[in-house]
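Throughout, protein chains are lettered first and strands after them, A, B, ... in sequence-line order, and every chain is numbered starting at 1. No experiment lies behind these values; they were computed from the predicted model shown.
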Amino acid sequence: MEGNSADRRFAVDRPTLIRRLRAVLPAQALLVEEEDLRPYDCDGLTAYRQLPLLVALPENESQAQAILKVCHELKAPVVARGAATGLSGGATPHADGVVVSLARLKKIVSIDALSRTAVVQPGVRNLAVSEAAAPYGLYYAPDPSSQIACTIGGNVAENSGGVHCLKYGLTVHNVLRVRGLTMAGEIVEFGNAALDAAGYDLLALLNGSEGLLAMITEVTVRLTPKPQLAQVVIASFDDVRRAGDAVAGIIAAGIIPAGLEMMDKKAIHAVEPYVNAGYDMDAEAILLCESDGTPEEVAEEIGRITAVLERSGASAYCVSRTEAERLKFWAGRKAAFPAVGRLTPDYLCMDGTIPRKRLAEMLQEITLLSGKYDLRCANVFHAGDGNLHPLIMYDANQPGQLERAMAFGAEILELSVRFGGTITGEHGVGIEKVNLMAEQFGMAEIETFHRLKAAFDEHGLLNPGKGVPTLARCREYIQARVARAPTAPRF
Amino acid sequence: METLIDDWRARIAAAAGSGGKLAIRGGGSKCFYGGPETGERLDVAAYSGIVAYEPTELVVTARAGTGLRELAATLAEKGQGLVFEPPHFGAAATVGGMLASGLSGPRRQAVGAVRDFVLGVKLLNGSGEVLTFGGQVMKNVAGYDVPRLLAGSLGTLGVVLEVSIKVLPLPVAEKTLRFALDEAAALQKLNQWGGRPLPISASAWHDGLLTLRLSGAAAAVAAAERELAGEVLADADAFWDSLREQKQAFFLGDAPLWRLSLPSVTPPQALGETLIEWGGAQRWLRGGDARRIRAAAAKAGGHATLFRGDDALKTEVGVFQPLTAPLARIHRHLKQAFDPQGVFNPGRMYPGL
């Protein structure tokens with residue numbers, strides 16, 4: 001599937017663009033040959049591929065600034081790219097645009113243990129920040145599953161979450177300052193080294209803005225003291241509904257676990273043979289519930305968690321005894337996506353969030369949809385915050401399967417909205433869900449989003465076609481939605 | 001309730017059509033904050049009531065006119081609360097005013113600010129359209145994060161109608177300790193402790209005394225109390241309430257009150273009588289030279305707000321730290337995106353906004 005091939009708003013003269021960029025960049029910082037561009041034709045959403053016009057690899061902020069100034073003048077679209085692990089096509093190239101890879105901006109500028117902050121360039125990997133902070137007893141709390149590879153710039157662009165965000169927050173809660181460039185090439189600072197900044201909270205807007213508002217060149221993140229101890233309880237359930245009740249029960253008991261994850265049988269069966277995490281292959285669902293803090297605190301909380309699990313009818317549970325065992329229990333969850341990837345040539349990962357109380361209902365709906373579209377689906381959830389990751393398995397080489405998988409996914413997201421949730425909890429809208437925005441927002445909100453973007457990027461050059469649909473596409477979506485038989489409640 | 005919105009729309013349309021201005025007011029408890037009010041009063045306190053509250057979802061949705069007291073009482077029945085401890089500054093304080101002012105209380109450094117807890121909003125924009133952004137779930141990255149943008153926007157972007165906020169369990173145990181320390185030593189200690197997994201939930205230094213609150217699981221609070229070995233303060237709730245509500249002696253009197261938001265490690269600034277909160281990240285000053293204060297805050301990497309002062313001083317020096325040119329331009333364009341005719345709360349944040 002091609003990204004923005006239909007979007008020909010930008011009449012960019014390639015030879016002129018190359019000449020102008022060569023004038024401001026060292027030779028190795030500009031890729032022009034098709035064989036060099038090919039590796040940049042997609043991000044983690046591999047179903048969408050598009051060759052960019054060019055790829056630029058700035059080595060510092062002033063080169064990035066020079067690129068933007070040229071592109072701004074020539075009205076060429078720009079797509080920023082980090083490690084390209086994103087799952088919604090936020091970094092899918094534009095046919096008439098330049099991909100600006102920030103991979104070479106990968107310096108950890110400073111770590112200040114006393115103020116518990118780190119200043120890093122956007123190409124620094126998420127996990128590298130925690131590794132650099134470890135000698136001070138500190139770490140960077142948001143931990144998306146791709147944390148070995150994904151970069152801080154991408155994390156900010158997507159407002160990434162992770163398995164510990166129920167207690168420790170999302171990226172937006174852990175970033176103090178973003179330095180960047182407007183599309184016109186002006187240097188801007190959002191936030192600062194203090195806890196707040198004067199004026200509107202533009203820093204909050206930058207987080208999750210999917211590269212549509214500014215290009216990030218430096219980020220100050222907050223570091224968190226490493227808890228003295230963490231332990232995880234792993235519980236089996238022979239009924240998904242009971243597992244869902246246990247999630248609500250834990251929250252109702254006044255506990256905010258450090259992590260609260262759920263996997264269904266298909267996900268367990270994908271993961272267990274792959275990583276031998278010790279998961280119960282007979283369970284319909286398992287819960288992973290982590291507690292961290294002082295040893296006294298953890299002992300107290302684990303006691304309360306296991307009491308809730310017993311009350312909720314867990315068929316079995318066990319508590320990690322050592323750090324190695326804790327990591328082993330988590331290894332399964334963290335490897336869920338690649339494990340499912342072994343079972344199928346391709347999969348689509350959905351990312352809806354719903355109120356927790358509707359988890360079991362949602363799972364039943366997904367089972368019905370799996371039958372309807374004749375495609376398998378494994379489910380992993382950030383159960384604590386209601387964020388679902390159904391993994392729809394398909395084979396792109398079989399005619400019609402990708403289309404079926406996408407229709408399946410769209411129905412899950414429509415249900416998420418109907419249940420009072422959202423089409424995306426942490427992966428972003430990108431190119432993948434751009435039409436579905438009309439499911440969640442009315443025209444007046446979509447128009448506001450466009451005006452908001454124009455406040456930063458007057459000509460709409462930063463990552464066009466992502467995040468927010470054009471009003472014309474919204475109208476098309478709504479018409480098509482009405483034409484389809486309205487989704488009747490199926491209970 | 002819906003007739004209220006219809007009335008407001010008519011007033012917005014009338015104002016937009018005639019170059020009129022509207023001064024949005026909830027309980028009026030934070031009128032002192034920001035630039036002077038101008039324009040016709042738009043009273044929104046009547047639009048009140050809790051719309052939805054489900055303790056196991058950790059979220060409450062309330063109309064903007066809902067009293068903060070009423071909300072806190074409802075949440076406390078289920079052992080939950082707004083843990084960023086928003087200051088009320090008066091019995092009439094409302095949810096809308098809490099969001100518009102963006103102010104947070106003693107626990108801010110430990111748990112986050114209003115903006116960290118707001119999940120969704122419904123608002124009326126300058127064209128009288130009802131817009132809904134965000135939602136009631138913890139994680140939501142669909143569309144730009146307008147709910148957080150509205151925190152602290154001082155009503156300049158629209159009339160907030162409804163707010164969904166994340167709530168959390170109230171701490172099981174609390175203990176407040178006191179230490180005799182000078183300013184530099186207190187700042188050093190606060191930052192050192194901040195780097196360790198201690199359950200510190202609030203801090204305040206003034207006049208040689210550091211007051212520290214521990215909150216969390218009983219075992220964790222007890223362990224930290226033993227380790228830190230300060231003097232236990234009786235009647236601690238009254239201390240933290242009076243700090244949050246600015247009723248302590250430091251805050252009384254007519255001298256201008258400055259709020260400096262600085263990196264927590266910033267050394268003592270010697271700008272005047274100081275009260276420090278948030279582990280060093282929020283510092284209050286009485287009186288002083290505006291230009292010196294603003295320059296010192298900027299140099300340290302933060303900013304200074306004229307939190308309380310008379311209108312003449314506010315007009316002369318501005319309430320908030322001036323913005324760089326690109327940021328000022330983005331502000332003007334954002335204002336136009338929500339309120340093209342400039343109807344709402346003109347000048348409350350910056351002149352011309």
Side-chain angles (χ1 to χ4, degrees), chain A residues 113-116 137-138 158-159 161 173 182 186 188 192-202 204-205 207-209 225 227-228 248 251-252 254 256 293-294 296-297 300-301 353 355-357 385-387 420-426 428-429 437 440-441 444-445 448-449 451-452 455-456, chain B residues 55-58 79 108-109 112-113 115-116 125 129 131-133 135-145 148-149 151-153 168-169 191-192 194-197 216-220 223 261-265 278 281-282 301-303 305 320-321 323 326-327 330-331 333-334 337-338 349:
Chain A
L114 194 60
S115 70
R116 292 92 69 203
L138 302 168
E158 302 295 333
N159 190 14
H173 301 111
T182 65
E186 291 163 301
V188 272
N192 53 37
L195 289 177
D196 46 51
Y200 294 141
D201 198 334
L202 302 184
L205 273 188
N207 278 279
S209 62
Q228 291 174 34
I251 304 291
I256 302 296
T294 64
E296 302 89 346
E297 209 175 349
E300 187 181 310
E301 194 166 88
T353 302
R356 288 176 202 90
K357 64 183 169 189
D385 36 35
N387 187 198
T422 172
I423 57 170
T424 175
E426 59 181 359
V429 173
M437 284 287 280
Q440 191 169 334
F441 295 99
E445 286 84 2
T448 304
F449 287 148
R451 287 199 294 267
L452 192 154
F456 289 79
Chain B
T56 61
E57 299 294 330
L58 297 176
R108 190 267 176 261
Q109 199 200 19
R115 61 89 89 169
D116 294 306
N125 70 6
E129 295 169 309
L131 305 175
T132 306
F133 297 101
Q136 287 76 45
V137 289
M138 298 296 125
K139 284 164 91 177
N140 182 356
V141 293
Y144 301 112
D145 203 338
R148 294 188 212 282
L149 171 71
S153 63
L168 282 177
N191 281 291
Q192 284 170 349
R196 299 185 38 218
S261 176
L262 305 176
S264 62
V265 291
W278 299 1
Q282 176 168 263
H303 63 105
T305 304
F320 299 100
Q321 190 98 10
L323 301 169
L327 289 185
I330 292 170
H331 275 66
H333 290 169
L334 279 176
F338 286 86
M349 183 181 268

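Side-chain contact of A:N207 with B:R148: a donor-acceptor pair under 3.5 Å is absent, judged by distance alone.
With chain A as partner, the option from B:T305, B:L262, B:N191 having the largest number of non-hydrogen pairs under 4.5 angstrom is B:N191. Ranked by heavy-atom pairs shorter than 4.5 Å toward chain A, the options B:A113, B:G79, B:G143 are led by B:G143. Ranked by heavy-atom pairs under 4.5 Å with chain A, the first of B:G195, B:A218, B:A217 is B:G195. Here A:L452 is the residue among A:V188, A:I256, A:L452, A:T182 with the most heavy-atom pairs under 4.5 Å with chain B. Of the residues considered (A:G199, A:A248, A:G428), A:G199 shows the highest number of contacts with chain B, using heavy-atom pairs under 4.5 Å. Residue with the most contacts toward chain A among B:E129, B:M349, B:Q282: B:M349 (heavy-atom pairs, distance under 4.5 Å). Contact count versus chain A (heavy atoms, under 4.5 Å) is highest, among B:L327, B:L131, B:L168, B:N125, for B:L131. Note on A:T424, A:I423, A:N387, A:N159: by heavy-atom pairs under 4.5 Å with chain B, the leading option is A:T424. Looking only at heavy-atom pairs under 4.5 Å with chain A, the residue among B:D145, B:L323, B:L149 that has the most is B:L149.
Only the side chain of B:A223 comes within less than 4.5 Å of a heavy atom of chain A; its backbone N, CA, C and O stay farther away. Using a 4.5 Å cut-off between heavy atoms, A:E186 contacts chain B through its side chain alone, with no backbone atom that close. Proximity to chain B (any heavy atom under 4.5 Å) is restricted, for A:R116, to the side chain, taken from C-beta onward. Using a 4.5 Å cut-off between heavy atoms, A:D385 touches chain B through backbone and side chain atoms alike. Using a 4.5 Å cut-off between heavy atoms, A:A113 makes no contact with chain B at all. Residue contact with chain B, scored on non-hydrogen atoms closer than 4.5 Å, involves the backbone of A:P227 exclusively. Contacts between A:L138 and chain B at a heavy-atom distance below 4.5 Å involve the side chain alone, from C-beta outward. Looking at B:P326, both its backbone and its side chain come within 4.5 Å of chain A, counting heavy atoms on both sides. Using a 4.5 Å cut-off between heavy atoms, A:E158 touches chain B through its backbone atoms (N, CA, C, O) alone.
Taking the side chain as every heavy atom from C-beta outward, B:V141 and A:V429 never approach each other to under 4.5 Å. Side-chain contact between B:T132 and A:E445 is present, with at least one heavy-atom pair separated by less than 4.5 Å. A 4.5 Å side-chain heavy-atom check between B:N140 and A:Q440 finds at least one atom pair inside the cut-off. Proximity of A:Q228 to B:R196: side-chain heavy atoms (C-beta onward) are nowhere separated by under 4.5 Å. Side-chain contact between A:L202 and B:H331 is present, with heavy atoms from C-beta onward closer than 4.5 Å.
Under 4.0 Å is where a charged nitrogen must lie from a carboxylate oxygen, and between B:E57 and A:K357 no such pair does.
Taking OG of B:S264 as the start and CG of A:L114 as the end, the distance is 7.0 Å to the nearest 0.5 Å. Rounding to the nearest 0.5 Å gives a distance of 7.0 Å between CZ of B:R115 and NE2 of A:H173. Note that the CD1 atom of A:I251 and the OG1 atom of B:T56 stand 8.0 Å from one another [nearest 0.5 Å]. Here the CD atom belonging to B:Q109 is positioned 6.0 Å from the CG atom belonging to A:L195, to the nearest 0.5 angstrom. Rounding to the nearest 0.5 Å gives a distance of 11.0 Å between CZ of A:R451 and CG of B:L334.
Scanning all heavy atoms of the two residues, the minimum distance from A:A455 to B:H333 falls at CB-CB, 3.4 Å. The minimum heavy-atom distance linking B:P169 with A:G254 is given by the pair CG-O, 3.3 Å. Nearest heavy-atom pair, A:P225 versus B:P197, reported as atom, atom and distance to 0.1 Å: CB-N, 3.6 Å. Counting all heavy atoms, side chain and backbone alike, B:V137 lies closest to A:G421 at CG1-CA, 4.1 Å. The shortest heavy-atom contact between A:A198 and B:Q321 is CB-O, 3.7 Å. The two residues B:G302 and A:N192 make their nearest non-hydrogen contact at CA-ND2, 4.1 Å.
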Practice item. Go through the steps to decide whether A:T448 and B:F133 satisfy the test side chain to side chain contact (heavy atoms under 4.5 Å, CB included), and finish with yes or no. Key: CA-CA 10 Å; A:T448 304; B:F133 297 101; 3.9 Å; yes

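Classified by interplanar angle (parallel below 30°, tilted 30° to 60°, perpendicular above 60°), the ring pair A:F449/B:Y144 is perpendicular.
Distance alone, capped at 3.5 Å, is enough to place a donor-acceptor pair between the A:T353 side chain and the B:K139 backbone.
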